[in-house]
**Q** 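Below is a structure I'd like to ask you about.
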Amino acid sequence: MIKFTVILLYLFSIFLISIVFKKYNEDSREIVRKIIHIGIGPLIPIAQFLKINQNSALIFTGIVSLMVFINYNYKLFPTIEDVERKSYGTLFYCLSLFILIYLFWDKDPYALISGFFIMTFGDGLAGLIGKSFNSKSWIFFKQKKSLYGTITMFLTSLIVVCSIGYSQQNSLNLNYFTIAFIATLLEQFSVLGIDNFIVPISSALFFNFLITS
């Protein structure tokens, strides 16, 4: 019970920060969503540190996914889905986490954290930087992408993979660049927020195949 209380308190603090930020920055709906997107990143290492078992993590994530689905339809917590475009990104976010926990919680936690961090930090920071600074941009599947955002995605993904991979192997591996490149490429496919699904799962699978195995 204490373990889940810690998790709930952490989640509450993230949502509280986002609500306070929105109160004083009403025109920054996308940034508020990214605060939640990035802030949830450390949740998996925290849960692993607390030694929460896989079944409990799956049940918790499943409940959150159901709540997000209900919220998408009824807008009980509009801050979560308050974006400037039609997106199922939050639901894909939760579903990808559920799948990652199922595949890698005990088998390969390094792959799980790598895939999840690439989504939370890489994709999250790419969105923030891309919208905050003007740079060359293009339209891909009706979604605007920027040079700065894409570079941020690649560099953040590379830092994540190098850090986690090195902590596992104590050596550098050229496949770190391969995983970061694939994650950056897949992040371009962001229509309806599908990148929140394909990026973390693909990144974790490639990490497991190229690094762990």
**Q** Could you measure the distance from the CG atom of L103 to the CD atom of Q54? Nearest 0.5 Å is fine.
**A**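 Answer for the CG-CD pair, L103 versus Q54, is 9.0 Å.
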**Q** Search all heavy atoms of G149 against all heavy atoms of A126 and return the closest pair with its distance.
**A**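 That would be O-CB, 3.2 Å.
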**Q** Under 4.5 Å between side-chain heavy atoms, counting indirect links through other Ile/Leu/Val/Met/Phe/Trp/Tyr residues: same cluster for I179 and Y166 or not?
**A**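 They do share one cluster, since a chain of ILVMFWY contacts under 4.5 Å joins I179 to Y166.
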**Q** What pair of heavy atoms forms the shortest contact from L100 to I201, and how long is it?
**A**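 Heavy atoms of L100 and I201 come nearest at CD2-CA, 4.0 Å.
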**Q** Find the distance between CD1 (I99) and CZ (F92) and round it off to the nearest 0.5 Å.
**A**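 One gets 10.5 Å once the value is rounded to the nearest 0.5 Å.
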**Q** Distance check, rounded to the nearest 0.5 Å: I44 atom CD1 versus F104 atom CZ?
**A**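 Rounded to the nearest 0.5 Å, the CD1-CZ separation comes out at 13.0 Å.
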**Q** Between Y176 and L210, does the side chain to side chain contact (heavy atoms under 4.5 Å, CB included) criterion hold? Intermediate values first, please.
**A** CA-CA 9 Å; Y176 297 160; L210 297 175; over 6 Å; no
**Q** Do S203 and F117 have side-chain heavy atoms sitting under 4.5 Å apart?
**A**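 No, side chains not in contact.
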**Q** Does L172 belong to the same Ile/Leu/Val/Met/Phe/Trp/Tyr cluster as I211, with side-chain heavy atoms less than 4.5 Å apart forming each link?
**A**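 Hydrophobic grouping puts L172 with I211.
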**Q** Taking atom types as modelled, is there a side-chain donor on T150 or E187 under 3.5 Å from an acceptor on the other?
**A**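 No - no donor-acceptor pair under 3.5 Å links their side chains.
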**Q** CD1/I129 to OH/Y148 distance, rounded to the nearest 0.5 angstrom?
**A**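 Going from the CD1 atom of I129 to the OH atom of Y148 covers 10.5 Å.
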**Q** Walk me through it: do I164 and Q168 pass the test side chain to side chain contact (heavy atoms under 4.5 Å, CB included)?
**A** CA-CA 6 Å; I164 297 174; Q168 181 187 28; 5.8 Å; no
**Q** Check whether L112 and V64 end up in the same hydrophobic cluster, where Ile, Leu, Val, Met, Phe, Trp and Tyr are linked by side-chain heavy atoms less than 4.5 Å apart.
**A**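 Yes: a chain of side-chain contacts under 4.5 Å links L112 to V64.
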**Q** Between I14 and Y10, does a side chain to side chain contact (heavy atoms under 4.5 Å, CB included) hold up when you go through it step by step?
**A** CA-CA 6 Å; I14 296 301; Y10 180 81; 3.9 Å; yes
**Q** Determine the minimum heavy-atom distance between G122 and M153, stating which atoms define it.
**A**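 Answer, listing the atom of G122 first, then M153: C-SD, 3.3 Å.
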**Q** We want to know whether S190 and K145 form a side-chain donor-acceptor pair, criterion being a heavy-atom distance below 3.5 angstrom.
**A**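 Distance-only check passes for S190 and K145.
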**Q** Taking the side chain as everything from C-beta on, heavy atoms only, tell me whether F116 gets closer than 4.5 Å to P200.
**A**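 No, too far: nothing below the 4.5 Å cut-off.
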**Q** For I182 and V199, run side chain to side chain contact (heavy atoms under 4.5 Å, CB included): C-alpha distance rounded to whole Å, both residues' side-chain angles, the deciding distance at 0.1 Å, then the answer.
**A** CA-CA 8 Å; I182 291 172; V199 169; over 6 Å; no
**Q** Looking at side-chain heavy atoms only, is the closest gap between F140 and Q143 below 4.5 Å?
**A**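 No, every pair of side-chain atoms sits at 4.5 Å or beyond.
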**Q** Hey, what do you get for CG (N208) to OH (Y110), rounding to the nearest 0.5 Å?
**A**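 Here the interatomic distance stands at 13.5 Å.
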**Q** Which atoms form the tightest heavy-atom contact between P42 and F121, and what is the distance?
**A**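 That closest heavy-atom pairing would be CD-CZ, 4.2 Å.
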**Q** Any non-hydrogen side-chain atom of L186 less than 4.5 Å from a side-chain atom of D195?
**A**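 No, their side chains stay 4.5 Å or more apart.
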**Q** Just checking F154 against F181, ring centres under 6.0 Å apart?
**A**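 No.
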**Q** With distance as the sole test, does N53 use its side chain to make a donor-acceptor pair with the main-chain N or O of S56 at under 3.5 Å?
**A**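 Indeed, once roles are kept as given, a pair shorter than 3.5 Å links the two residues.
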**Q** Nearest 0.5 Å please: distance from the CG atom of D106 over to the CG atom of N55.
**A**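 So the gap between those two atoms works out to 9.0 Å.
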**Q** Could you check if a side-chain atom of I118 sits within less than 4.5 angstrom of a side-chain atom of D123, using non-hydrogen atoms only?
**A**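 A side-chain contact under 4.5 Å is absent here.
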**Q** Report, as yes or no, whether the 6.0 Å neighbourhood of atom CG on L16 holds more than 12 heavy atoms from other residues, nucleotides or ligands.
**A**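 Counting other residues, nucleotides and ligands, CG of L16 exceeds 12 neighbours.
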**Q** Using atom types as modelled and distance alone, determine if a side-chain donor or acceptor of H37 lies under 3.5 Å from a backbone N or O of L125.
**A**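 Not at all, since once roles are kept as given, no pair shorter than 3.5 Å links the two residues.
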**Q** Is I40 linked to F49 within one hydrophobic cluster, defined over Ile, Leu, Val, Met, Phe, Trp and Tyr using a side-chain heavy-atom separation of less than 4.5 Å?
**A**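 Linked within one cluster.
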**Q** Would a 4.5 Å heavy-atom cut-off, applied to side chains only, mark I63 and M67 as touching?
**A**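 A side-chain contact under 4.5 Å exists here.
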**Q** Compare every heavy atom of A47 with every heavy atom of W105, then report the nearest pair and how far apart it is.
**A**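 So the two residues come closest at CH2-CB, 3.7 Å.
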**Q** If you take all heavy atoms of G130 and S146, which pair is closest and at what distance?
**A**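 Looking at all heavy atoms of both residues, the shortest contact is CA-OG, 3.3 Å.
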**Q** Show your reasoning for whether ring pair (Phe, Tyr, Trp, His ring centres under 6.0 Å) applies to Y93 and F197.
**A** CA-CA 6 Å; Y93 187 107; F197 187 81; over 10 Å; no
**Q** Just by distance, do the side chain of Q48 and the backbone of P109 share a donor-acceptor pair under 3.5 Å?
**A**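 Here the side-chain-to-backbone pair does not exist.
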**Q** Would the distance check show the side chain of S96 and the main-chain N or O of N196 forming a donor-acceptor pair, the cut-off being under 3.5 Å?
**A**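 Checked: pair present.
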**Q** Side chains of T90 and I36: does their closest heavy-atom pair fall under 4.5 Å?
**A**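 T90 does not reach I36 side chain to side chain.
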**Q** Do the side chains of I159 and F206 join up, straight or via other hydrophobic residues, at under 4.5 Å, putting them in one cluster?
**A**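 Different clusters.
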**Q** Just wondering, are more than 12 heavy atoms of other shown residues or ligands nearer than 6.0 Å to CD1 in I139?
**A**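 It does: I139 CD1 has more than 12 such atoms within range.
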